[in-house]
Student: 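Please see the structure below; I have some questions.
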Number of protein chains: 4
Amino acid sequence: MTEHKQSKLQSPGRPRSEASKTAILNATVELLEESGYEALTIEAIAARAGVGKSTIYRWWSNKSFVVFEAFLVSTESTLFFLEDVTLRGNFRQQLNSLATTLNSALGRTVVGLVAGSGDDSEIAAAFHNAFLKSRREDAIRVIERAITKGEIQYTTNLDIIADMFYGPVYYRLLIQKKIVDATFIDTLVDQVMKSLGALK
Amino acid sequence: MTEHKQSKLQSPGRPRSEASKTAILNATVELLEESGYEALTIEAIAARAGVGKSTIYRWWSNKSFVVFEAFLVSTESTLFFLEDVTLRGNFRQQLNSLATTLNSALGRTVVGLVAGSGDDSEIAAAFHNAFLKSRREDAIRVIERAITKGEIQYTTNLDIIADMFYGPVYYRLLIQKKIVDATFIDTLVDQVMKSLGALK
Amino acid sequence: MTEHKQSKLQSPGRPRSEASKTAILNATVELLEESGYEALTIEAIAARAGVGKSTIYRWWSNKSFVVFEAFLVSTESTLFFLEDVTLRGNFRQQLNSLATTLNSALGRTVVGLVAGSGDDSEIAAAFHNAFLKSRREDAIRVIERAITKGEIQYTTNLDIIADMFYGPVYYRLLIQKKIVDATFIDTLVDQVMKSLGALK
Amino acid sequence: MTEHKQSKLQSPGRPRSEASKTAILNATVELLEESGYEALTIEAIAARAGVGKSTIYRWWSNKSFVVFEAFLVSTESTLFFLEDVTLRGNFRQQLNSLATTLNSALGRTVVGLVAGSGDDSEIAAAFHNAFLKSRREDAIRVIERAITKGEIQYTTNLDIIADMFYGPVYYRLLIQKKIVDATFIDTLVDQVMKSLGALK
DNA sequence: GGGTAAGCGAGACGGTACGTCAAGTCTTCCG
DNA sequence: CGGAAGACTTGACGTACCGTCTCGCTTACCC
């Protein structure tokens, strides 16, 4: 008996077209950057991607999920901490990359959707699971290690410390519409570390 | 001699109906709380308010401006700092009132709109002028006074300090969808003050 | 007892402004000729005439009545037969003047309204009373006199004869959109008279 | 060799729904008969037909074209002359059928639109091409044959003769709002034939 | 290699809301 | 009190998208 090398379970029928998928996500990003979320329509995405509307509806229930998946794809690569540097270096790197993300139409839109939605919204949950969670876990781990290493004093409120790092960046970029540059981030990180009794 | 009481300059024609205006803003808040911004339509507002659509379009160019004016009216009263207490007391009060505001459908929606919009958006500018600015100026003043009084150490970055107070509240409520209670605020204020070398 | 010389009964209050009335009717004709009945609006008439909308509604119940009164005013002068010529001459003159009337935007519009309305419409009744009736009575009288004078043979169907004169002119101008010139009218009149056994 | 039976060229996409088309035209006729052209709205047609507004706008540019197509469909069957009888019989039959057509709300409305429109209007052109032309050509042919057969005298103005048959019927029904019955038509036909020197 | 199944593009479908426009009414001030 | 100005409610307009559907066609796997 021959054993077919069939690592992937394949349902019958024509398989999903990867070309269409990427065309859709690319078109979404382009249109979003050109005209914003309000002006973004499924029909325009389909037309730009050279795709039928039903192909979009077959895979995403909703305009905001298309946008969200485009966001995820474009953000995939930025998901890591440099593990071997100091807390200060870690957060500097992390917050700079966050600022870049939030400065794009895509990032701004997704966060706007999350902020505008209710506590129970699907998009907020998805954003939490696929974006926030791992970053925050890394951050917490980095802080803990800094405590262990004696870099900063012990504190019980790791959660609030993380908020003090992230919050001002979101706030300044999305609400105040001011730029977030390296200087801002450096000052912010220093100031938070001062509150943690950084030894130097 | 008769004195003509003509204190108000009146343009010709029927004057604007204040009743319609308040009915529109009330209806907007109600519908927003019932079904959210996405489901909010000008037609529904007009129907609920017992008003013609064109009366809405005559005074507001845009759904988001109606929502924004409703937000302003409902927030008008919360615009003040208790002038004579400590920095800690001041920010506790201020951040609690902010949390209340952001916890309503109205607040969440307006901030979502601001966050999702571009840097040059009208709504972001209006939000800045009519809501953020005066609060931030008060905050800066309070911090300056605290420095003068020796409550905290001198620092050059008053702006960043304000962001460290406000940012985490916005972030936690709108992005993380966690609750912001008195305990959180107290801990946050304490932590920020620690970074300022609060004397106690 | 003093006798006030007050030949005209005057109701109290400011009398109707004749200037406004003529301004309204003139504006109506102008707009009709520029853009047609479909595009004609009360607001445009009021604006063009420098008049408030309510002044129009005070005196006419309806857009079509304004048009109709404008038509009547512009047609007032053409309401006569040359009494002392032949039947042939009479109808030549009458049909030529009718063709002129029907060739204007105003005439075309009013007849279109009449044709499109039901049997019981007010506008059809008004058109009949103020325009058709007197012309037809004159026509019948002229035909009768022609019989008396021996110009044509006796016939019982004066009504149908009148229709044979008028009908083709209306039909050709309004339905077929062909021009009605002196040649057409001459040929038509000759042909109808032939049917009446005209002696020459 | 296989022969592909591909008699019908099919454009891609969902094909037009014939059911919707007939529902729209039927609803149009019903509403027109109930309330007249002025009160006829696209929205009402859509609602009555159980159809989206855009389905109407996709196929007709204009309320009047919907009405016109409904008119055409309802008139399609009456497009013929009895070829083998006399000129008198031919026109009796033709004018009676015309009177029936013009007595309906549909006919009255379409002719009202044509009459009220300018010389260059699309609706007038369409009415001419799809309704008037073939009838008039038949009429001319019938008259020519009557001349050939010696039924009537020779005349150069066939066009004017046709107008003398048709004009009075249109005029009496649509302008004068009098009934057009068999007696009227018989008398009219006789009278016109007299003008043609009918031999009997 | 024919049969079965699902994905694909195109585009019409029934709907909903848009933002505009005009209708006809109402409310103010002016002459 | 007539008239201008202009805001009011109402309701249809024609447009744009929604999300669904029906086509003919393609692309896989199955026996």
Side-chain angles (χ1 to χ4, degrees), chain A residues 4 6 10-17 19-21 39-47 49-59 61-63, chain B residues 6 9-17 19-21 39-47 49-59 61-63, chain C residues 11-17 19-20 39-47 49-59 61-63, chain D residues 6 10-17 19-21 23 39-47 49-59 61-63:
Chain A
H4 288 284
Q6 196 180 340
Q10 172 98 24
S11 55
R14 181 174 175 176
R16 174 172 188 180
S17 155
S20 291
K21 177 175 173 178
L40 185 71
T41 68
I42 296 283
E43 298 209 324
I45 296 172
V51 139
K53 277 202 289 176
S54 44
T55 302
I56 300 181
Y57 284 111
R58 190 172 298 115
W59 302 109
S61 60
N62 203 294
K63 186 171 64 170
Chain B
Q6 202 179 337
L9 235 129
Q10 172 98 22
S11 61
R14 183 174 175 174
R16 175 173 185 180
S17 156
S20 290
K21 177 176 174 177
L40 185 70
T41 67
I42 297 281
E43 298 209 324
I45 296 173
V51 138
K53 270 202 291 178
S54 47
T55 301
I56 299 181
Y57 284 111
R58 190 173 298 115
W59 302 111
S61 61
N62 202 295
K63 187 169 66 167
Chain C
S11 56
R14 183 172 170 178
R16 173 172 187 180
S17 155
S20 290
L40 185 70
T41 68
I42 295 283
E43 297 207 325
I45 297 173
V51 139
K53 276 202 289 177
S54 43
T55 303
I56 300 180
Y57 284 112
R58 203 187 319 278
W59 302 110
S61 61
N62 205 294
K63 187 170 67 170
Chain D
Q6 201 179 337
Q10 171 100 21
S11 61
R14 182 174 175 173
R16 175 171 187 180
S17 155
S20 291
K21 177 175 174 177
L40 185 71
T41 68
I42 297 280
E43 299 209 324
I45 296 173
V51 140
K53 271 203 291 178
S54 47
T55 302
I56 300 181
Y57 284 112
R58 190 173 300 116
W59 301 110
S61 60
N62 202 296
K63 187 170 66 169

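So that the names make sense, note that chain A is the first sequence line, chain B the second, and so on, each numbered from 1.
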Student: Restricting to side chain to side chain contact (heavy atoms under 4.5 Å, CB included), what partner residues turn up for S61(B), sequence neighbours left out?
Tutor: F65(B)
Student: Quick check: any donor-acceptor pair below 3.5 Å linking the side-chain of R14(D) to the base of dC21(F)?
Tutor: yes
Student: Taking only residues two or more places apart in sequence or in another chain, which ones pass salt bridge (charged side-chain N to carboxylate O under 4.0 Å, His left out) with K63(D)?
Tutor: none
Student: What's the separation between atom CD1 in I42(C) and atom CG in N62(C), rounded to the nearest 0.5 Å?
Tutor: 7.5 Å
Student: Taking only nitrogen or oxygen atoms into account, show me every contact under 3.5 Å that the protein makes with nucleotides 18-21 of chain E, one pair per line with its distance.
Tutor:
from    : atom 1 : to     : atom 2 : distance (Å)
dC18(E) : OP1    : I42(B) : N      : 2.8
dC18(E) : OP2    : I42(B) : N      : 3.3
dC18(E) : OP2    : E43(B) : N      : 3.0
dG19(E) : OP2    : Y57(B) : OH     : 2.4
dG19(E) : O5'    : Y57(B) : OH     : 3.4
dG19(E) : N7     : K53(B) : NZ     : 2.9
dG19(E) : O6     : K53(B) : NZ     : 2.8

Student: The side chain of R16(B) is closest to which nucleotide in this list: dC8(F), dC23(F), dA4(F)?
Tutor: dC8(F)
Student: For dG3(F), take OP1 and OP2 only and decide whether either is under 4.0 Å from a side-chain N or O of R58(C).
Tutor: yes
Student: Residues two or more places apart in sequence or in another chain: which of them pass side chain to side chain contact (heavy atoms under 4.5 Å, CB included) with A23(D)?
Tutor: A49(D)
Student: Under 4.0 Å: is that the gap between some side-chain N or O of S20(B) and OP1 or OP2 of dT9(F)?
Tutor: yes
Student: Expressed as a whole number of angstroms, how long is the span from I45(A):CD1 to dC17(F):C1'?
Tutor: 12 Å
Student: OP1 or OP2 of dC8(F) less than 4.0 angstrom from a side-chain nitrogen or oxygen of W59(B), does that happen here?
Tutor: yes
Student: Return the set of residues passing side chain to side chain contact (heavy atoms under 4.5 Å, CB included) with T41(D) (not counting sequence neighbours), or none when no residue passes.
Tutor: E43(D), A44(D)
Student: Who are the side chain to side chain contact (heavy atoms under 4.5 Å, CB included) partners of S17(A), not counting sequence neighbours?
Tutor: A19(A), S20(A)
Student: Rounded to whole angstroms, how far apart are CD1 on I56(D) and P on dT15(F)?
Tutor: 13 Å
Student: Looking only at side-chain N and O atoms, does S17(D) come under 4.0 Å of OP1 or OP2 in dA12(E)?
Tutor: no
